[in-house]
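Okay, structure first, notes after.
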Amino acid sequence: MTDLLVVGSGFFGLTVAERMAEEHGLDVTVIDRRDHIGGNAYSERDAETGIEIHRYGAHLFHTSNERVWAYVNRFSAFTSYVHRVYAKHRGEVFPLPINLGTINQFFRAAHGPGSARALVTEEAAELGDSTPQNLEEKAISLIGRPLYEAFIRDYTAKQWQTDPKRLPADVISRLPVRYTYDNRYFNDTHEGLPVDGYTALLERMADHPRITVHLETDFFTSSEFGKASTVGNVPIVYTGPVDRYFDSSLGDLAWRTLDFEREVLPVGDFQGTSVMNYSDLDVPYTRIHEFKHFHPERDSPADATVIMREYSRFATGADEPYYPVNSPDDRDRLLRYRELMPQEPDVFFGGRLGTYQYLDMHMAIGAAISTVENRLVPRLVGGDR
Ligand code: FAD
Ligand code: UDP
């Protein structure tokens with residue numbers, strides 16, 4: 001038997017496996033129900049063009065956590081890619097996140113930082129002194145109603161199919177608002193893409209003599225590594241959906257899923273940038289990714305490009321759960337699932353699905369390192385094993 005079973009080979013699971021094997025000498029078995037490692041960060045070469053595709057949606061690495069940055073750089077060098085996003089609204093292209101360029105283009109004005117701030121403060125006055133309670137109020141407090149209605153309201157409706165008044169304010173807090181012309185999408189100290197792709201990085205994390213990976217192995221059906229034969233016999237780090245672990249006994253947690261429509265076009269460049277958001281309701285998709293722009297340093301075909309249209313909807317049944325909806329009902333249900341966890345002292349819940357939390361890659365890696373140091377090592381390595 002193995003010393004530790006890790007369910008899920010995404011960034012959380014692989015970080016735990018790598019740390020426990022390399023740093024603490026445990027034999028670790030990693031299982032994943034998919035036919036590849038890496039979870040949603042997985043990337044592959046498009047067969048027709050050779051362009052690297054992120055199968056589960058574009059993944060941009062960014063972090064201000066020095067430890068996480070040093071950690072990922074052990075497995076790959078990173079390019080100097082800086083993410084920028086543009087948005088199409090009523091036939092015009094604007095820079096995102098909302099910055100002085102967006103504000104001036106939208107209002108056909110030439111505001112400086114001070115007068116733009118004053119304008120937005122005036123717009124946001126409709127909320128009075130109350131603290132924003134949901135996504136809509138938070139957005140209006142940050143940018144005022146006209147910009148909210150142009151760039152946020154309908155995009156969010158397409159993306160979440162949930163009334164913005166029922167979405168948590170922190171969803172929008174991920175998007176900075178700037179009173180400069182800086183249109184970098186992320187504020188973090190470090191940013192870039194793995195030079196030879198995410199999958200190469202993820203494979204290096206798993207490439208350790210003490211780590212064994214079994215693909216196409218589902219924790220709920222496998223005879224050898226399934227729940228029935230492992231819980232109570234071996235410590236488990238579980239990164240699958242938390243409600244599924246408990247047989248959805250308290251009801252399902254709501255997730256959003258995405259549909260990706262991939263197309264190879266016979267042109268060298270389709271949109272001139274990696275991501276174009278579509279802010280309006282008359283276009284059914286939320287954004288188009290054009291993958292060759294993520295790696296301008298690579299050779300790519302002059303007469304072909306791969307684009308991916310992204311559509312968003314509620315997940316049902318067999319759909320991949322991508323984003324936790326996190327409505328008040330979901331949060332209440334999650335708390336009740338958490339109350340069941342102490343019944344399973346040798347199962348450690350982690351990652352995006354296991355904690356029902358939106359986690360960027362750097363957050364998943366940081367959380368995995370903390371789980372290793374604060375929970376797994378004291379429990380599994382400290383002598384009371
Ligand atoms: P996952 O990557 O989801 O891995 C979980 C693994 O568990 C999966 O491989 C799954 O197959 C496996 N699993 C589940 N159930 C079972 C089971 N029963 N048995 C066996 N295996 C099972 N982060 C960024 O930093 N930048 C981005 O630009 C970015 N873009 C994103 C875009 C999209 C569309 C999505 C969905 C996420 C994005 N993220 C991004 C977040 C990033 O994907 C996560 O931070 C990262 O995947 C978290 O890793 P994880 O290990 O927690 O989960
Ligand atoms: N958002 C928006 N318009 C945009 C981009 C983002 O309204 O053009 C909102 C939307 O609610 C989204 C949130 O901001 O869910 C976070 O955006 P981000 O780009 O981080 O979304 P992700 O890449 O995680 O889907």
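Read the numbers this way: they start at 1 and go in the same order the structure lists the ligands and their atoms.
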Heavy-atom contacts under 4.0 Å between Tyr358 and ligand 1: side chain, backbone, both, or neither? side chain

Within the 4.0 Å heavy-atom shell around Asp218, which atoms of ligand 1 are there? 17 (C), 18 (N), 19 (N)

If you scan protein heavy atoms around atom 21 (O) of ligand 2, the nearest is Arg174 NH2, 3.7 Å

Does NZ or CZ of Arg256 fall inside the cone over Tyr323's six-membered ring, less than 6.0 Å from its centre and within 45° of the axis? yes

Part of Asn277 with heavy atoms under 4.0 Å of ligand 2, whether side chain, backbone, both or neither: side chain

Nearest heavy atom to atom 52 (O) of ligand 1, choosing from Arg352, Gln357, His362, His62, belongs to Arg352

Residue and atom name of the nearest protein heavy atom (relative to atom 25 (O) of ligand 2), distance in Å to one decimal: Gln159 NE2, 2.9 Å

If the cut-off is 4.0 Å to any non-hydrogen atom of Tyr358, which atoms of ligand 2 fall inside it? 24 (O)

If we set the cut-off at 4.0 Å for heavy atoms, which region of Ile37 has an atom near ligand 1: side chain, backbone, both, or neither? neither

For a side-chain contact (heavy atoms from CB on, under 4.5 Å) with Val30, tell me which candidate from Val213, Val7, Thr2, Leu5 qualifies. Val213

Taking the minimum heavy-atom distance to atom 17 (O) of ligand 2, which of Trp160, Tyr185, Tyr155 ranks first? Tyr185

Short side-chain to backbone donor-acceptor contact, Arg184 and Arg84, under 3.5 Å: no

Validate the cation-pi geometry between Arg34 and Tyr56: distance from NZ or CZ to the six-membered ring centre under 6.0 Å, angle to the ring axis within 45°. yes

Minimum distance, heavy atoms only, to atom 39 (N) of ligand 1: which one of Met361, Arg55, His54, His59 is it? His59

Any sub-3.5 Å donor-acceptor pair from Ser76's side-chain atoms to Val72's backbone N or O? no

Heavy-atom pairs closer than 4.0 Å: do any link ligand 2 to the side chain of Phe151, the backbone, both, or neither? backbone

Tell me which part of Tyr56 gets within contact of ligand 1: side chain, backbone, both or neither, using heavy atoms under 4.0 Å. backbone

Salt bridge between Arg67 and Glu373, side-chain N to carboxylate O under 4.0 Å? yes

N/O separation below 3.5 Å, Phe12 to ligand 1: yes

Please work out whether any backbone atom (N, CA, C, O) or any side-chain heavy atom from C-beta onward of Leu167 is under 4.0 Å from ligand 2, and answer side chain, backbone, both or neither. neither

Does the cation-pi check pass for Arg352 over Phe12, that is, NZ or CZ under 6.0 Å from the six-membered ring centre and within 45° of its axis? no

What class does the angle between the rings of Phe219 and Tyr238 fall in, given that below 30° is parallel, 30 to 60° is tilted and above 60° is perpendicular? tilted

Donor-acceptor under 3.5 Å (Asp3 side chain, Asp27 main chain): yes

Would you say Tyr323 contacts ligand 1, with heavy atoms under 4.0 Å as the rule? yes

Check each heavy atom of Arg287 against ligand 2 and say whether those closer than 4.0 Å belong to the side chain, the backbone, both or neither. side chain

Output the list of atoms in ligand 2 that are nearer than 4.0 Å to some heavy atom of Ile172, sorted by atom number. 9 (C), 14 (O)

Has Tyr148 got a side-chain atom pairing as donor or acceptor with Glu137's backbone, closer than 3.5 angstrom? no

The one among Ala364, Ala58, Gly57 that brings a heavy atom closest to atom 30 (N) of ligand 1: Ala58

Heavy-atom contacts under 4.0 Å between Leu14 and ligand 1: side chain, backbone, both, or neither? neither

Mind checking whether Tyr323 has an N or O less than 3.5 Å away from an N or O of ligand 2? yes

Report, in ascending order of atom number, the atoms of ligand 2 lying under 4.0 Å from any heavy atom of Leu96. 8 (O)

Please check if the distance between the ring centroids of Tyr278 and His289 is under 6.0 Å. no

Looking only at distance, does Leu60 have an N or O less than 3.5 Å from an N or O of ligand 1? yes

Is it true that Asp46 and Arg262 have a side-chain N and a carboxylate O under 4.0 angstrom from each other? yes

Can a donor-acceptor pair be found, under 3.5 Å and without considering hydrogens, that links the side chain of Thr286 to the backbone of Glu310? yes

Any idea which atoms of ligand 2 are less than 4.0 Å away from a heavy-atom of Thr156? 7 (O), 9 (C), 10 (C), 11 (O)

